[in-house]
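Quick note: residue numbers are just sequence positions, from 1.
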Amino acid sequence: MVRKSFKMHLYQGMAEEYEKRHNALWPEMKDMIHQYGGSNYSIFLDKETNVLYGYIELQDEELWAKSADTPICRKWWDYMADIMDTNPDNSPVSIDLTPVFHLD
């Protein structure tokens, strides 16, 4: 199991919309996350900076990387592009965080 953490940036004033969209996460998106080895997925918001911090546990990083090529993932990126920083393909600008401490 691989623990992965990353950060993304939400546009000002979009916190409520971001949470609303994730509370209604499409079943197909949930299934895809699990199918590609993701579990225990959480996203946190720093309201002062609009920085989102994500945490996910992966079975395999190579398998997870393939999830980006699924139609449902691309559809989700398009759906979220109007409320957060994105790359030209509408994927979220995501910066991996370096683990420095873990306690079980």
Side-chain angles (χ1 to χ4, degrees):
M1 189 265 306
V2 177
R3 294 185 316 272
K4 183 175 181 71
S5 189
F6 52 93
K7 66 180 180 175
M8 302 173 289
H9 185 261
L10 192 60
Y11 294 149
Q12 184 69 33
M14 291 294 141
E16 188 175 307
E17 182 63 23
Y18 185 88
E19 187 172 1
K20 176 183 162 189
R21 292 181 190 189
H22 279 77
N23 286 339
L25 186 64
W26 307 329
E28 304 93 328
M29 190 65 177
K30 290 179 188 178
D31 291 345
M32 184 280 296
I33 290 167
H34 292 138
Q35 181 182 6
Y36 283 82
S39 63
N40 200 22
Y41 194 176
S42 298
I43 301 172
F44 302 87
L45 172 64
D46 179 342
K47 291 181 181 181
E48 292 179 11
T49 64
N50 288 316
V51 174
L52 297 160
Y53 295 91
Y55 172 84
I56 189 167
E57 294 174 357
L58 304 173
Q59 292 175 8
D60 179 278
E61 284 195 85
E62 288 182 29
L63 176 62
W64 180 250
K66 293 176 184 176
S67 72
D69 295 326
T70 63
I72 192 63
C73 185
R74 297 295 175 126
K75 184 177 177 181
W76 182 259
W77 289 351
D78 293 344
Y79 177 58
M80 299 301 290
D82 65 325
I83 63 172
M84 63 191 304
D85 289 344
T86 60
N87 296 301
D89 67 354
N90 279 347
S91 64
V93 174
S94 179
I95 300 166
D96 285 346
L97 300 175
T98 303
V100 294
F101 176 77
H102 174 77
L103 176 67
D104 259 337

Residue set satisfying ring pair (Phe, Tyr, Trp, His ring centres under 6.0 Å) with W76, at least two apart, ordered chain then number -> H22, W26, Y79
* To do: Show the numbers, then the answer: is there a side chain to side chain contact (heavy atoms under 4.5 Å, CB included) between W77 and T86?
  => CA-CA 8 Å; W77 289 351; T86 60; over 6 Å; no
inquiry  = For a 4.5 angstrom cut-off between non-hydrogen side-chain atoms, does D69 reach R74?
reply    = yes
Separation between OG1 (T70) and CG (D31), nearest 0.5 Å, reads 11.5 Å
With a 6.0 Å cut-off (strictly less than), is the heavy-atom count around CD of E19, excluding the residue itself, greater than 12?
no
Check whether any side-chain heavy atom of V2 lies under 4.5 Å from a side-chain heavy atom of E57, and answer yes or no.
no
Original post:
Is there a donor-acceptor pair closer than 3.5 Å between any side-chain N or O of D89 and the backbone N or O of S91?
Top reply: yes
**Side chains of Y18 and L45 in contact at under 4.5 Å (non-hydrogen atoms)** = no
Check: Quick one: do K66 and E62 make a salt bridge, cutoff under 4.0 Å?
Finding: no
- Could you tell me whether the side chain of D60 and the main chain of L63 form a donor-acceptor pair under 3.5 Å? yes
Could you check if a side-chain atom of M1 sits within less than 4.5 angstrom of a side-chain atom of Q59, using non-hydrogen atoms only? no
Non-hydrogen side-chain atoms of N50 and Y11 separated by less than 4.5 Å: no
Rounded to the nearest 0.5 angstrom, the CD1-NZ distance for I83 and K20 is 10.0 Å
Indicate yes or no: at least one non-hydrogen side-chain atom of I95 is less than 4.5 angstrom from one of M8.
-> no
Taking the side chain as C-beta and beyond, is there a heavy-atom pair between W64 and I56 under 4.5 Å? yes
(Q) Is any side-chain heavy atom of M84 closer than 4.5 Å to one of H9? (A) no
Discussion item. With a 3.5 Å distance limit and no angle check, can you tell me whether S5 reaches the backbone of G54 through a side-chain donor-acceptor pair?
Written reply: yes
d(K4 NZ, L58 CG) to nearest 0.5 Å is 7.0 Å
To the nearest 0.5 Å, atom CD1 of I33 lies from atom OH of Y41 at 6.0 Å
**Asked** Should the pair D46-K7 be classified as a salt bridge under the 4.0 Å nitrogen-to-oxygen rule?
**Response** no
Heavy atoms of C73 and S67 approach each other most closely as CB-O, 3.3 Å
Taken to the nearest 0.5 Å, the spacing of I43 CD1 from L52 CG works out to 6.5 Å
Could you go through E17 and R21, starting from their C-alpha distance and side-chain angles, then the distance that decides it, and tell me whether this counts as salt bridge (Lys or Arg N to Asp or Glu O under 4.0 Å)? CA-CA 6 Å; E17 182 63 23; R21 292 181 190 189; 2.7 Å; yes
Do L25 and M80 sit in the same hydrophobic cluster, where Ile, Leu, Val, Met, Phe, Trp and Tyr count as joined when their side-chain heavy atoms come under 4.5 Å apart? yes
Between the CE atom in M32 and the NZ atom in K30, the distance rounded to the nearest 0.5 Å is 13.0 Å
Smallest heavy-atom separation, F6 atom then D96 atom, equals CB-OD1, 4.0 Å
Closest heavy-atom pair, A15 versus L10, reported as atoms and distance to 0.1 Å, is CA-CD2, 3.5 Å
